[in-house]
Amino acid sequence: AQGELRAALIAAVKEMELEEVVAVLRVHVAVARVAEGACLRLAVMSCPSLSAQAAATAAEAGALEAVVEAMRAHPQVAGVQEHGCRTLRNVCGGIDAVAPAYRQRAAEAGALEAVVAAMQAHPQVVSVQEHGCQTLRNVCSGINAVAPAYRQRAAEAGALEAAVAAMQAHPQVVSVQEHASATLRNVCSGINAAGLAYRQRAAEAGALEAAVEAMQAHPQVVDLQEHA
């Protein structure tokens, strides 16, 4: 009977509104299949192509915090990690006035650490690497007062090494190369002592070689050439 109820809940999640999905995820976060289905639904409903307000609605419903909790609860479930990274990418990828606030909420919820852990746990899953790099890139972008703190958290979590590893593992996947290169650029920006330390860590992780190889492998991809 419990299995039937769980199956019914998983099916129901596919039709739920965003706030309902977040509520279900919070209550049933320990159930892997429910968490995976809920994260997938949130990834779909937070996509900017769905509506201009999709990211804002997801953030206000608590999707960032709920997704990070699910990723922590199921580190070895690739689907949870993939869809969790997609949701974080969607919500943190805006360029409007409220986007920095969402990136701050994501960082405070532990999104940077969760994403790096996902990338480390699933190095061969392209979608995890792609969406993970996009999330790191998005959260670590910006020049506001709190951006250096995000870059520090990302570096301390191992984002530089994770980005380089993604580039090394998937040399022919343009999206991975592009977003990983942009992650390295964002985290390593700045002329203060921290920026210099991050650049040293990136170099020690093999970032320079990875960037050169990416540029050589994809000479016609303008964004990649720019970021690398």
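Predicted, not measured: the structure shown is a model, and the values here were computed from it. Note: hydrogens, waters and symmetry copies are ignored here, and every other heavy atom, side chains too, is used.
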Item checked: Side-chain heavy atoms of Leu88 within contact of Asn138, under 4.5 Å -> no
Notebook entry, point to check: Hey, what do you get for CG (Asp223) to NE2 (His179), rounding to the nearest 0.5 Å?
Noted result: 9.0 Å
Margin query: Here's a test for you: under side chain to side chain donor-acceptor pair (under 3.5 Å), which of Arg89, Gln81, His83 qualifies with His131?
Written below: Arg89
Notebook entry, point to check: When you measure from the side chain of Thr135 to the backbone N and O of Cys85, does any donor-acceptor pair fall under 3.5 Å?
Noted result: yes
Note to self: With a 4.5 Å cut-off on side-chain heavy atoms, are Thr183 and His227 touching?
What the structure shows: no
Check: Do Ser51 and Thr57 come close enough that some side-chain heavy atom pair is under 4.5 Å?
Finding: no
Checklist line | Val80 versus Ala32, closest heavy-atom pair with distance | finding: CG2-O, 4.1 Å
Note to self: For residues Leu50 and Leu64: do they belong to one hydrophobic cluster (side chain heavy atoms under 4.5 Å, members Ile, Leu, Val, Met, Phe, Trp, Tyr)?
What the structure shows: yes
Item checked: Joint cluster assignment, Val176 & Leu160, ILVMFWY side-chain distance < 4.5 Å -> no
Margin query: For residues Leu42 and Met16: do they belong to one hydrophobic cluster (side chain heavy atoms under 4.5 Å, members Ile, Leu, Val, Met, Phe, Trp, Tyr)?
Written below: yes
Margin query: Is there a path of hydrophobic side-chain contacts, each under 4.5 Å between heavy atoms of I/L/V/M/F/W/Y residues, joining Val31 to Val67?
Written below: yes
Mind listing the side-chain donor-acceptor pairs of residues 18-30 below 3.5 Å, one per line with the distance, residues two or more places apart or on another chain?
| residue | atom | partner | partner atom | Å |
| --- | --- | --- | --- | --- |
| Glu20 | OE1 | Glu17 | N | 2.9 |

Checklist line | Nearest atoms (heavy-atom pairs only) where Val139 meets Tyr150 | finding: O-CD1, 3.4 Å
Margin query: Do Met71 and Leu40 sit in one hydrophobic cluster, given that two such residues count as connected whenever their side-chain heavy atoms are within less than 4.5 Å of each other, even indirectly?
Written below: no
Margin query: I'd like to know if the side chain of Glu82 and the backbone of Val125 have a donor-acceptor N/O pair within less than 3.5 Å.
Written below: no
Next item on the list: Please round to the nearest 0.5 Å and tell me the distance separating atom SG of Cys92 and atom CZ of Arg137.
Entry: 13.5 Å
Margin query: Less than 4.0 angstrom from a charged side-chain N to a carboxylate O is my criterion; do Arg103 and Glu108 meet it?
Written below: no
Next item on the list: Enter the distance from Gln53:CD to Ser46:OG here, rounded to the nearest 0.5 Å.
Entry: 13.5 Å
Item checked: Closest heavy-atom pair and its distance - Arg105, Glu60 -> NH1-OE2, 4.0 Å
Check: Does the Gln225 side chain pair with the main chain of His218, one donor and one acceptor, at a distance under 3.5 Å?
Finding: yes
Note to self: Show the nearest heavy-atom pair for residues Ala205 and Gln168, with the distance to one decimal.
What the structure shows: O-NE2, 4.0 Å
Margin query: Just so I know, are the side chains of Lys14 and Arg41 near enough to count as touching, which here means a heavy-atom distance under 4.5 Å?
Written below: no
Notebook entry, point to check: Can you tell me how far CD of Gln129 sits from CD of Gln134, rounded to the nearest 0.5 angstrom?
Noted result: 12.0 Å
Next item on the list: Might you point out which heavy atoms bring Met167 and Leu184 nearest each other, and give the distance in Å?
Entry: SD-CD1, 3.9 Å
Notebook entry, point to check: At their closest point, which heavy atom of Ala217 faces which heavy atom of Pro171, and how far apart are they?
Noted result: CB-O, 4.4 Å
Next item on the list: Go through Arg72 and Glu113 one step at a time and tell me if the salt bridge (charged side-chain N to carboxylate O under 4.0 Å, His left out) criterion holds.
Entry: CA-CA 9 Å; Arg72 287 173 175 160; Glu113 293 82 358; 5.7 Å; no
